[in-house]
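Comments concern the structure below.
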Protein chains: 2
Amino acid sequence: MALNSRPNLRQIATELGLSVTTVSRALKDGPEVHPDTIRRVKAAADAAGYVPNLHGRALRTGLTRTLTAILPMETRDYLSDIAKLPLIEGMTLAAREGGYSLSVYSTTPEEDPQENLARLIQIGGADGIVITRMVSDDPRIPYLLERGIPFIAFGRTSTAFDYAFVDVDNEGIAFDATRMLLDRGCRRIALQLLTREDQYSAARLVGYTKAMNTAGQPIDPQMIGHEDFTMEASEGWISRLLDMPDPPTGLVCANELGLLGALGATRRKRLVVGRDFHIVVRDNTHMCRYLSVPLIAHVVDMVGIGRSLVQGLIRQIEEPNAPRMQRVVEGKVQQIAKI
Amino acid sequence: MALNSRPNLRQIATELGLSVTTVSRALKDGPEVHPDTIRRVKAAADAAGYVPNLHGRALRTGLTRTLTAILPMETRDYLSDIAKLPLIEGMTLAAREGGYSLSVYSTTPEEDPQENLARLIQIGGADGIVITRMVSDDPRIPYLLERGIPFIAFGRTSTAFDYAFVDVDNEGIAFDATRMLLDRGCRRIALQLLTREDQYSAARLVGYTKAMNTAGQPIDPQMIGHEDFTMEASEGWISRLLDMPDPPTGLVCANELGLLGALGATRRKRLVVGRDFHIVVRDNTHMCRYLSVPLIAHVVDMVGIGRSLVQGLIRQIEEPNAPRMQRVVEGKVQQIAKI
DNA sequence: TTTGAAAATCGTAACGTTACGATTGCGAGA
DNA sequence: TCTCGCAATCGTAACGTTACGATTTTCAAA
């Protein structure tokens, strides 16, 4: 119905007695078109409700003005994914500002990321791609570079390739977090790392180590947990640490499961969080505040990161020779007031 | 590079000494093509890594095999959005199963939903649309119906239009929730409703009223809060209720902010949740379990709803004359064990 | 008035696909 | 041998856009 009667360039052209070419050029302010003509064309296009057909344009130019963000969903625990929502928001905003539309392609962690990528590109669905959840020595980077496909990564990898990325300053955050605990008088500090996030873990370990060194505190490997913690595993791990003869009095969590494990373990030991035991947790935008314990949180501006990612990607698409965005975003570590 | 040398139908056709037409038909198992030819063509296409070009096809057929879900993001409180993640997961899975790809279009609540819709469709970006966060008498429904655009809604509205939807049985859930509280001995039960979710609120109020009636309990309008609660507002509201001469001993929350407000208010009153005061909360998949209070939660299978939405939409696209999906999904109300 | 160059506009082809009608090849029946 | 019918394949056009070269118009200078 109304769908079929969608105006195209030819209709506007015949209506105005112009050629399709001129109309096309007028609509993008082509310098070869007379200013008056441009005005006439634009008025007619507006009146007719003309919107350029994505597929006609894409077929001709090879460009779709669409970006795709590939977001693996953490199906076993959606709460871990909550940081993706502000990320999506930031990406959407920046895409719209740049005249692109953003499509979110959610995958399960089990799928082969390589294969998804290949399909996505071949099908001609996007001008550029945002990839996330980088692993060290990520195979997607050489894959995309080889093919000359514009992309930007959320997270660095240990490879030497020159590619665009935005990353969180995990080392700095871990340093600040550890320092904060040291300043509160903690000497023995536990550090929770996830094997599934090895490249982040490495950075965090560096920050932690530096902070401990500046305070002259030795690093005890027993204080460093490095596995894919469930909540139960976190609780077990911290309980064991608290049973040691010289237990920790502070913890730097990797995620909210670590926090909840710590809350369980300290409750059983009748330790008061904020007095006997201090916890630094990743900010989950809201959840931390819901718990009635004083916590220290590190906050990262995820909306800003989303924006940066898309801005960097658009720049790379539109100016392929410009230097690639390589941005490290700092976080803030701060006390959260209890409710 | 490799992007440009992407194989197309013509390349495969010349390679095999066939016409483009025959290759095209062979690839979709056209009955007019000789079985041997089909085999040959498919082998060659596989070998060449052929993937049909989305835009060429879309331009010719008007179909993109892409679905778009429009998800307003709750920028002031991402935690409210967490239910969207399993929804996205379910939609993605069902889309992939049906041979479609799903694009998530996130909007801010302030934007004009109508305008977004129009652009989205005109641009030719999708074969069908999932709309969410319905308001009563939602203008998008006649808009889409008029234009013959396939869509499905997450949520019913009060209109008499015949359109596809999947909805949660809010009335049933509210009934079960209220009954559960009555069974625990609550007589005065507070009900939290959100003005921003009027169409859900109405259903909940009906369920609540029915349950109270079956127990012979009068409905006290003072027990029904109806505004867009922040956490602070929730806490204030419940505190005031608890200050009344005949305070409530149970609460049916609209969202987790209500829960947190109730936790704050009861703590100040030194009431023990689970003994002096009972709370029914929407399941947030994980968060409820993190709180060390016994709660009652109603759970809804969001992944399943996502699947249903997309399945219903695909059916409508592919069989326009089939009856439209109109599905009401029941929830379960259950006690959550404390950690 | 003529000329030349610049300004404005036009026509055609192509992107990759599919729909549709035309064409070829082949075997069976007359 | 001829013809009919069917199976298999082909050629052309079209979807809406843009790039590119060709063409027309305009206007100032000679």
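Lettering of chains follows the sequences in order, A, B, ..., and the numbering in each one begins at 1.
- Phosphate proximity of dG16(C) to Asn8(B): present, with a side-chain N or O under 4.0 Å from OP1 or OP2.
- Thr21(A) and Ser24(A) are not linked by any side-chain donor-acceptor pair at a separation below 3.5 angstrom, with hydrogens and angles left out of the test.
- Following rounding to the nearest Å, Leu9(A) (CG) and dT18(D) (P) show an atom-to-atom distance of 6 Å.
- The nearest whole Å value for the distance from the NE2 atom in His55(B) to the C1' atom in dT17(D) is 12 Å.
- Just one of Ile152(A), Ile70(A), Leu67(A) meets the side chain to side chain contact (heavy atoms under 4.5 Å, CB included) condition when paired with Ile129(A); it is Ile70(A).
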Please write out each protein N/O paired with an N/O of nucleotides 9-13 of chain C under 3.5 Å, distance rounded to 0.1 Å.
from, atom 1, to, atom 2, distance (Å)
dT9(C), OP1, Thr37(A), OG1, 2.8
dT9(C), OP2, His34(A), N, 3.0
dT9(C), OP2, Thr37(A), OG1, 3.2
dC10(C), OP2, Ser19(A), N, 2.7
dC10(C), OP2, Ser19(A), OG, 3.2
dC10(C), OP2, Thr22(A), OG1, 3.1
dC10(C), N4, Arg25(A), NH2, 2.2
dG11(C), N7, Thr21(A), OG1, 3.2
dG11(C), O6, Thr21(A), OG1, 2.6

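- A rotation axis mapping the C1' atoms of four pairs onto the next four is fitted at both ends of the helix from dT1(C)-dA30(D) to dA30(C)-dT1(D) over five pairs, and the angle between these axes is 70° to 10 degrees.
- With dT18(D), dT18(C), dT17(D) as the choices, the nucleotide that has an atom nearest any side-chain atom of Ser24(A) turns out to be dT18(D).
- Between Lys28(B) and dT18(C) there is a side-chain polar atom (N or O) within less than 4.0 angstrom of OP1 or OP2.
- Looking at Gln326(A) and Asp162(A), their side chains do bring a donor and an acceptor atom within 3.5 Å of each other.
- Look at CG on Asp36(A): it is 13 Å from P on dT26(D), rounded to the nearest Å.
- A straight line from CZ of Arg57(A) to P of dC15(D) spans 19 Å, rounded to a whole angstrom.
- Aromatic ring pairs are classed by plane angle as parallel below 30°, tilted from 30° to 60° and perpendicular above 60°; the pair His55(B) and His55(A) is tilted.
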